[in-house]
Amino acid sequence: MLALAGSGLTLAAIGAAHAQPAEPAPLSDGQRFDPGQVVELARALAKKPYAAPAADLPDAFKNLTYEQYIGVRAQPTALLWAGEGRGFVVEPLHRGFVFTTPVALHAVEDGVVRRVGYDRNRFSFGKVAPPEEGRDIGFSGFRLYASFNGAAPTDCAIFQGASFFRALAAGQSYGVTARALTLKPAEAKGEEFPLFRAFWLERPGPGTGQIVIHALVDSESATAAMRMTLRPGDATIVDVEATLCPRTPLEHVGIAGMTGAYLFGPTDRRGVDDARSAAHEVDGLQIRNGWGEAIWRPVQNPETLQISAFMDQDPKGFGLVQRARAYGDYQDDVQRWEKRPSLWIEPLGSWGPGVPQHGWGAGAVQLIEIPSESEVNENILAYWRPKEPVAKETAFSYRQFWCWSVPGAPPLAACSGTRVGKGAGGKRRLFLVDFAGEAPFAEGMDPNALQLALGTAPGTLARQRLYAYPERKTLRVVFELDPGNDTSCELRLVVKAGDKPVTETWLYRWTP
C-alpha cells in the first residue's frame, strides 16, 4: 500500500499539495473526517484572493512526451486498498506531461484522514529518469478501478487535469469528459479553467458497491466543494452534490458540464478524406425539458463557432449521447467509438440563500460546437446555465448516468439518423430524418394518418414527405430547405398523431 504520510491541508498549502504546515488542521492527517469541513474549507478559501498552484515541477517532467508519460505508472504496492476485497482500488497518478498541477490525495479510513504521501520508489518510470531521492513530485490525480458484476477490478473512472473526470459503464472505453465546474466558456476574454486541489476518498466497506469521493475545487472566480458517490455497473451512476462559493458574481457559470469529440459523421463529411464511416464519441445532445418534451439535437463539426441555448425551467434531464452503437457505424478497429459512454444528467435540486427548491429553476441547456480538425479535440460542450448570475453560495445536486443508453426514455420513436445532401437546385439542401420505435406503429395507430409538424426560421421548406416502414418500425421524413440568402436556419420537426407526438422533437441548425 502507498505510504500514508503526516501532513495537513491549510489555505496556505493549497498552492503546494505537499507543503508541511506547522500544526494539524481540519481534514489533515490524523484528524477526524467531517464532510461539512470540505464545504467550510471552500468557503474560507473563497474569501481569500486566488493563488495559482505551485509551478514546482522539474523541467524533465514538464517536457515529457505522451508516450514517456504513460510509461510512468504506480507499482502494485502503491495502489490503495488492493487485495482488501473492497471492490475498489485507487492508483495515484504522477505529475508530468500536461498534468502539472499538484493535487493532494487523502484516504479516509475508519473516519480518520490519512494523507497519501509521495514516494518515487513506488513508481516505475519506464525510459524516464526518476526524480532525485527525497524530491516530492506529488500527484496530478487518481485512477479508480472497480469490480463490475463481481469480476476483478478494472478501469472505472479517472480524475485528472483541471477539474475534469471521466467514468465508464461495464464494457466501455473512455470517452466523454465531465467537468466539476465550467466558467466563461467560449467568451472573448477566454475561458476560466477551475482546478481540483484536493481529494478525500472514503475507504469503501466490503460489498457496498459504492465509493464516496470528496473534492475541493479552486479558480479565480470561485471555489467549490463536491461530494460524489460512485456506483459502478451496467450503467455507472454518480450522485453529485456541489456547493459553489463565488469570489465574484458569476455571470456565466456552467453546472454539470461535459465535453466530447465530434470530427465527422453521416451528416457532415464535407472536406473529409477518411476511410472510416464516422469518427465521434458523441453524436447528439438529448434533452427532456421541464415541460416534458423529448428533444434530440444532432451535433456537428462546424466551420465557425456555434452557440445554442435551449431555454428551460426545471429540466428533467440532458446529456451528450452516443447513439450509433454498431461497429459498422465507424469501421474503426483502434478507437472503437461504439464503446464510448453517453453521459446523462438528472437534476435533483438546488439551494442557496433563499428557500431550497426541488429543481434547478430557470436557465438554459447550453451547447457549444467548436470547429476541429482532430479527433482528439473535445469540441462539443454542453452544460446547464442558470438564468440569473450566481452571486452567493449556491448548491446543486444531480445524478450522472455513464451509460449505453439513456434511462427512462419516454415511449416515443427516437431519431435514428440525420442525412443532408444537395437539393433540387440552387442553395437547396435535402434532408432525410429517420425515427425508429414502436409508438408510430402501435395497435390502433395508422402510420399513414400521421402529421408532420415541421418548421424553419428563417428559410422556406419544400417537398415535405413522410414515409412509413412498418417492417423496420421506422419513419422517414424527407424535405428540402431553401435558406435563401441566410447563413443560418433553425429547423424543428416532430411527427404527431392528432395533437400527441409519436416521435421525439428533432432540432437542427443548418449553416453553410
Side-chain angles (χ1 to χ4, degrees), residues 141 156-169 172-186 191-194 196 213 215 217 224 226 228 230 235-242 244 252-263 280-289 295-301 306-310 312 315-323 337 339-348 360 363-370 372 375-386 396-407:
C156 177
I158 183 168
F159 292 74
Q160 187 183 37
S163 63
F164 304 153
F165 61 100
R166 297 183 289 172
L168 301 171
Q172 292 183 333
S173 55
Y174 284 119
V176 64
T177 300
R179 295 181 170 200
L181 184 60
T182 304
L183 294 172
K184 308 175 186 176
E191 183 173 355
E192 185 175 322
F193 289 96
F196 282 129
I213 301 165
V217 180
M226 300 188 69
M228 294 166 278
L230 185 148
T236 290
I237 298 172
V238 184
D239 288 336
V240 180
E241 302 168 41
L244 179 59
H252 189 174
V253 58
I255 307 300
M258 64 193 79
T259 56
Y262 184 94
L263 186 61
H280 56 74
E281 58 191 19
V282 297
D283 52 12
L285 170 67
Q286 188 169 337
I287 301 172
R288 289 184 206 145
N289 65 24
I295 294 172
W296 175 252
R297 165 62 153 77
V299 298
Q300 300 179 73
N301 183 0
Q306 299 293 314
I307 302 175
S308 305
F310 305 89
D312 206 349
K316 293 180 172 61
F318 69 94
L320 291 178
V321 173
Q322 182 80 313
R323 284 190 173 176
W337 303 103
K339 293 186 176 183
R340 307 298 176 96
S342 297
L343 177 52
W344 178 252
I345 304 295
E346 287 188 356
L348 298 177
W360 280 2
V365 175
Q366 194 132 319
L367 173 68
I368 299 176
E369 298 162 295
I370 304 168
S372 175
E375 64 194 52
V376 302
N377 293 335
E378 293 189 318
N379 58 319
I380 308 297
L381 170 62
Y383 54 93
W384 173 256
R385 181 176 182 178
F396 296 87
S397 63
Y398 54 93
R399 178 166 291 165
Q400 295 179 330
F401 293 84
W402 301 80
C403 53
W404 293 97
S405 58
V406 171

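Each residue takes its place number in the sequence, starting with 1.
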Worksheet, complete the sentence: Note: Met258 and Leu381 closest approach over all heavy atoms is O-CD1, 3.2 Å
Fill in: Side-chain heavy-atom pair Trp402, Leu168 within 4.5 angstrom cut-off
no
Discussion item. Parallel, tilted or perpendicular: which one describes the rings of Tyr398 and Trp360, with boundaries at 30° and 60°?
Written reply: perpendicular
Worksheet item: If we only count heavy atoms from C-beta on, is the Pro315 to Arg288 side-chain gap below 4.5 Å?
Response: no
Worksheet item: Who are the salt bridge (charged side-chain N to carboxylate O under 4.0 Å, His left out) partners of Arg399, not counting sequence neighbours?
Response: Asp239
Worksheet item: Is there side-chain contact between Val240 and Gln400, with heavy atoms separated by less than 4.5 Å?
Response: yes
Discussion item. Between Ser342 (side chain only) and Gln322 (backbone N and O only), is there a donor and an acceptor less than 3.5 Å apart?
Written reply: yes
Discussion item. To check you understand the geometry: which heavy-atom pair defines the closest contact between Ser163 and Val217, and what is its length?
Written reply: CB-CG1, 4.3 Å
Fill in: Donor-acceptor contact below 3.5 Å, side chain Asp283 vs main chain Arg323
yes
Practice prompt. Return the set of residues passing ring-ring contact (aromatic ring centres under 6.0 Å, His included) with Phe159 (not counting sequence neighbours), or none when no residue passes.
Written response: Phe142, Phe165, Phe199
Worksheet item: Which heavy atom in Gln366 sits nearest to a heavy atom in Ala309, and how many Å separate them?
Response: OE1-CB, 3.9 Å
Response to the item:
For Thr177, the side chain to side chain donor-acceptor pair (under 3.5 Å) test, sequence neighbours excluded, returns Glu378
Worksheet entry | For Lys184, all residues meeting salt bridge (charged side-chain N to carboxylate O under 4.0 Å, His left out), sequence neighbours excluded | Glu192
Worksheet item: Yes or no on side-chain contact (heavy atoms from CB on, under 4.5 Å) for Ile380 and Leu367, after CA distance, side-chain angles and deciding distance?
Response: CA-CA 7 Å; Ile380 308 297; Leu367 173 68; 3.9 Å; yes
Discussion item. Using only atom types and a distance under 3.5 Å, with no angle test, would you say the side chain of Tyr174 pairs donor to acceptor with the backbone of Ala157?
Written reply: yes
Practice prompt. Grab the two heavy atoms, one from Val176 and one from Pro341, that are nearest each other, plus how far apart they are.
Written response: CG1-O, 3.6 Å
Worksheet item: Side-chain contact, heavy-atom cut-off 4.5 Å: Trp404 with Gln172?
Response: yes
Item to complete: Indicate yes or no: at least one non-hydrogen side-chain atom of Leu343 is less than 4.5 angstrom from one of Leu320.
Response: no
Practice prompt. Identify the two heavy atoms, one from Pro386 and one from Trp384, that lie closest to each other, and give their separation to 0.1 Å.
Written response: CD-O, 3.7 Å
Item to complete: Examine distances only and state if a side-chain atom of Glu281 and a backbone atom of Glu375 form a donor-acceptor pair shorter than 3.5 Å.
Response: no
Worksheet entry | Ile295 and Phe318: CA distance, side-chain angles, deciding distance, side-chain contact (heavy atoms from CB on, under 4.5 Å) verdict | CA-CA 9 Å; Ile295 294 172; Phe318 69 94; over 6 Å; no
Practice prompt. Would you check if there is a donor-acceptor pair between the side chains of Ser372 and Asn377 at a distance under 3.5 Å?
Written response: yes
Discussion item. Could you work out, with salt bridge (charged side-chain N to carboxylate O under 4.0 Å, His left out) as the rule, every residue matching Arg179, not counting sequence neighbours?
Written reply: Glu191
Practice prompt. Taking salt bridge (charged side-chain N to carboxylate O under 4.0 Å, His left out) as the test, write out the residues that go with Arg385, two or more places apart.
Written response: none
Practice prompt. Taking all heavy atoms of Ala167 and all of Thr236, pick out the closest pair and write down the distance.
Written response: CB-CG2, 4.5 Å
